[in-house]
Chemist: 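Structure provided below as structure tokens; questions to follow.
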2 protein chains.
Amino acid sequence: MVKAADRAKNPARSSVWLEKRAARSGGGPAGLDRDRIVAASIRMLDEEGLAKLSMRKLATELGVTAMSLYWYVDTKDDILEYAMDSVYGEIDLAAVDAAADWRDRIRLLALDYRRMLVRHGWMSPSAGQYLNIGPNAIAVGQKIHDTVAETGLSLDRRPSAMSAVFQFVYGYGTVESQFGRRAAEAGMSQDEFYVESVNAFRDDTDLAEQVEGLKEILDERTSHDSLSVIWDRDFGYALDVLIAGIEVMVAREAEGA
Amino acid sequence: MVKAADRAKNPARSSVWLEKRAARSGGGPAGLDRDRIVAASIRMLDEEGLAKLSMRKLATELGVTAMSLYWYVDTKDDILEYAMDSVYGEIDLAAVDAAADWRDRIRLLALDYRRMLVRHGWMSPSAGQYLNIGPNAIAVGQKIHDTVAETGLSLDRRPSAMSAVFQFVYGYGTVESQFGRRAAEAGMSQDEFYVESVNAFRDDTDLAEQVEGLKEILDERTSHDSLSVIWDRDFGYALDVLIAGIEVMVAREAEGA
DNA sequence: CCAGTTCTCGTACACCGTACAAGGACTCTC
DNA sequence: GAGAGTCCTTGTACGGTGTACGAGAACTGG
């Protein structure tokens with residue numbers, strides 16, 4: 001095991017995954033176990049949020065002292081990395097294979113990824129902070145890679161197409177999930193929270209003056225549909241844009257060749 | 001002023017910007033000032049990173065006690081919101097107006113936004129966590145909105161096009177800046193850090209087996225060009241995809257009408 | 001039963017954000 | 001110049017945080 005203080009110095013140790021470490025298993029008095037720790041941390045993260053998770057609380061939840069956890073894990077960050085990879089595993093890669101063509105595959109992957117980010121509001125901040133190179137995250141990355149390869153896009157264009165789609169999904173999922181988190185913290189539904197926010201916004205004359213047109217558009221959109229419908233539709237439209245864009249690039253390459 | 005404990009309860013107070021508060025100005029013994037505090041915090045954030053910024057250190061930097069800051073600000077979060085909006089102001093909106101057409105405008109906005117995220121590594125995590133509704137952020141948002149309107153896209157498609165482009169930029173900038181941050185923490189250049197990481201990756205047989213093809217592609221790309229060249233090129237290609245996609249959607253709407 | 005390993009715990013340290021109340025510094029009025 | 005009132009700064013304290021360290025409990029194999 002590696003002390004937390006040593007971790008930062010060596011880039012090869014900047015992630016749990018870049019170091020061979022046997023998963024120390026339970027059998028001790030408390031029946032602890034890395035899997036149990038990670039599962040409990042995911043449950044607590046989903047319920048209470050990233051900011052509220054502490055080693056002491058997690059330990060209490062497991063009927064144990066904070067320091068007991070450090071037998072199975074070097075650092076709080078490690079737990080987050082394990083938790084992250086675990087939820088990457090929720091993306092259903094088998095369902096992706098069943099899709100008809102690369103367009104549907106991209107749509108499925110993107111939707112599943114987005115849903116995962118929204119389901120686990122702590123994922124966006126975490127995914128931005130750590131290297132995402134656990135086995136499940138890598139499997140997802142490879143599936144994305146394979147799918148983009150199917151488009152026929154040339155090799156040196158593929159990484160940009162991958163990031164165009166999936167960095168978008170990350171950004172979209174981040175906004176959506178953080179909005180949901182804030183609503184939940186205020187004890188409201190998303191729609192209620194949205195109305196409250198717009199009202200607070202309207203009361204602030206400085207801000208309101210600055211935007212004029214923008215607010216009416218937002219009002220118009222939300223008067224017809226609930227926020228979750230809007231999230232879904234906008235996301236679908238954006239994927240249309242991305243897929244159309246990839247098709248164009250493929251066609252241009254075909255012409256040029 | 002509002003106590004930190006009260007902030008969470010009221011959604012109308014979930015941001016500094018949603019509350020009328022005069023900027024309390026200096027004149028006291030220490031010559032403190034909200035602008036000075038925000039400027040100092042940005043400097044420290046850029047140099048030391050988000051995790052290292054504390055009220056006590058920031059105060060020391062300003063030759064003052066931690067509690068003095070609370071005269072000008074309710075909360076540490078407030079400082080971050082002010083700092084965020086301040087760097088949104090670094091995006092050169094006037095330059096965008098000078099561009100020839102909406103394609104160039106989108107490119108300029110996206111590039112400036114990305115550069116800002118990379119320049120200030122603490123922005124990505126912060127922007128994901130707070131509402132971005134300070135005056136400068138709103139101004140950027142409105143410029144994006146106006147630019148997308150120029151494409152001729154119908155009203156209900158615009159938000160999705162906006163997010164397709166700028167959520168992508170956010171995701172891309174996040175990855176790029178966090179990679180840079182990690183490299184800096186390890187005391188290396190980005191290219192050195194990349195090589196080290198790939199080597200550590202290669203040494204891990206479990207991970208290495210899983211990817212096979214992927215690694216060769218990465219090697220091939222980085223053997224020709226430095227990472228910063230690759231970042232730039234991939235970003236440009238991805239914008240090509242997005243712009244092409246928008247053009248297709250505009251054309252489809254024209255046909256349908 | 002005993003030795004050795006595996007696991008748990010109590011204590012402690014250095015830090016964090018910030019509530020509260022005392023008091024210094026400046027400004028304005030007479 | 002004296003006094004009042006406001007503006008600003010500070011010291012102290014509370015309840016948290018991650019985790020280093022060493023003692024000791026529990027379990028395992030001989």
Side-chain angles (χ1 to χ4, degrees), chain A residues 1-9 13 16 21-37 40-41 44-45 48-81 83 126 129-130, chain B residues 1-9 13 16 21-37 40-41 44-45 48-81 83 126 129-130:
Chain A
M1 305 293 263
V2 172
K3 276 182 228 156
D6 299 341
R7 186 67 64 83
K9 293 177 195 161
R13 295 212 173 112
V16 238
R21 241 175 311 168
R24 292 179 166 179
S25 57
L32 223 48
D33 189 295
R34 189 193 282 165
D35 287 348
R36 250 168 56 71
I37 293 174
S41 73
M44 292 189 69
L45 285 164
E48 317 245 16
L50 188 55
K52 294 280 187 60
L53 184 76
S54 80
M55 296 300 272
R56 283 178 242 256
K57 270 187 255 175
L58 178 56
T60 305
E61 183 85 358
L62 288 162
V64 117
T65 329
M67 290 315 292
S68 294
L69 304 175
Y70 285 92
W71 180 255
Y72 302 92
V73 135
D74 293 342
T75 275
K76 188 191 178 188
D77 284 357
D78 285 11
I79 296 183
L80 280 172
E81 285 202 74
S126 305
Q129 199 158 33
Y130 305 98
Chain B
M1 303 293 261
V2 172
K3 275 182 228 155
D6 299 340
R7 187 65 65 81
K9 292 175 196 164
R13 295 213 174 112
V16 237
R21 241 176 310 169
R24 290 180 168 180
S25 58
L32 222 47
D33 191 294
R34 187 195 281 165
D35 286 347
R36 248 167 60 72
I37 293 174
S41 73
M44 291 188 71
L45 284 164
E48 316 244 17
L50 188 55
K52 294 280 186 60
L53 183 75
S54 80
M55 296 299 272
R56 280 178 244 257
K57 269 187 257 176
L58 177 56
T60 305
E61 184 85 0
L62 289 160
V64 117
T65 330
M67 291 314 292
S68 294
L69 305 175
Y70 286 92
W71 180 255
Y72 303 91
V73 136
D74 292 342
T75 277
K76 189 191 179 189
D77 284 357
D78 286 10
I79 296 183
L80 280 171
E81 285 202 73
S126 304
Q129 200 159 33
Y130 304 97

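Sequence lines set the chain letters: A, B, ... in the order given, protein chains first and strands last, and positions in each chain run from 1.
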Chemist: Looking at A:Ser68, does any N or O in its side chain come under 4.0 Å of the phosphate oxygens OP1/OP2 on C:dC7?
Modeler: no
Chemist: So, does B:Trp71 get its side chain near the phosphate of D:dC8, meaning an N or O under 4.0 Å from OP1 or OP2?
Modeler: yes
Chemist: With a cut-off of 3.5 Å and sequence neighbours excluded, list every side-chain donor-acceptor pair involving residues 54-62 of chain A.
Modeler:
from, atom 1, to, atom 2, distance (Å)
A:Ser54, OG, A:Lys57, N, 3.1
A:Lys57, NZ, A:Lys52, O, 2.9
A:Thr60, OG1, A:Arg56, O, 2.8
A:Glu61, OE2, A:Arg43, NH1, 3.4

Chemist: May I ask you to evaluate whether A:Tyr70 reaches the phosphate of C:dT8, defined as a side-chain N or O under 4.0 Å from OP1 or OP2?
Modeler: no
Chemist: Starting at OH of A:Tyr72, measure out to CG of A:Leu32 and round the result to the nearest 0.5 Å.
Modeler: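 One gets 4.5 Å once the value is rounded to the nearest 0.5 Å.
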Chemist: For a quick test of reading the model, state the closest non-hydrogen atom pair linking A:Asp35 to A:Asp33 and the distance between them.
Modeler: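 For A:Asp35 versus A:Asp33, the nearest heavy atoms are N-OD1, 2.9 Å.
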Chemist: Using the side-chain heavy atoms of A:Lys76, tell me which of these nucleotides is nearest: D:dT19, D:dG11, C:dC9.
Modeler: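 Looking only at side-chain atoms, A:Lys76 lies closest to D:dT19.
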Chemist: Identify which nucleotide among C:dC9, C:dT18, D:dT19 has an atom closest to any side-chain atom of B:Thr75, counting heavy atoms from C-beta outward.
Modeler: C:dT18
Chemist: What pairs with B:Ser126 under side-chain contact (heavy atoms from CB on, under 4.5 Å), at least two apart in sequence or on another chain?
Modeler: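 B:Ser126 satisfies side-chain contact (heavy atoms from CB on, under 4.5 Å) with B:Leu50, B:Leu80, B:Met84, B:Trp122, B:Tyr130 once adjacent residues are dropped.
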Chemist: Consider the side chain of B:Met67, meaning its heavy atoms from C-beta on, and name the nucleotide among C:dC7, D:dT10, D:dC8 that approaches it most closely.
Modeler: D:dT10
Chemist: With sugar-phosphate meaning primed atoms plus P, OP1 and OP2, does B:Leu53 contact a base, only sugar-phosphate, or nothing at under 4.0 Å between heavy atoms?
Modeler: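 B:Leu53: backbone/sugar contact only, no base atoms under 4.0 Å.
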Chemist: Each nucleotide N or O in nucleotides 12-15 of chain C that has a protein N or O under 3.5 Å away: list the pair and distance.
Modeler:
none

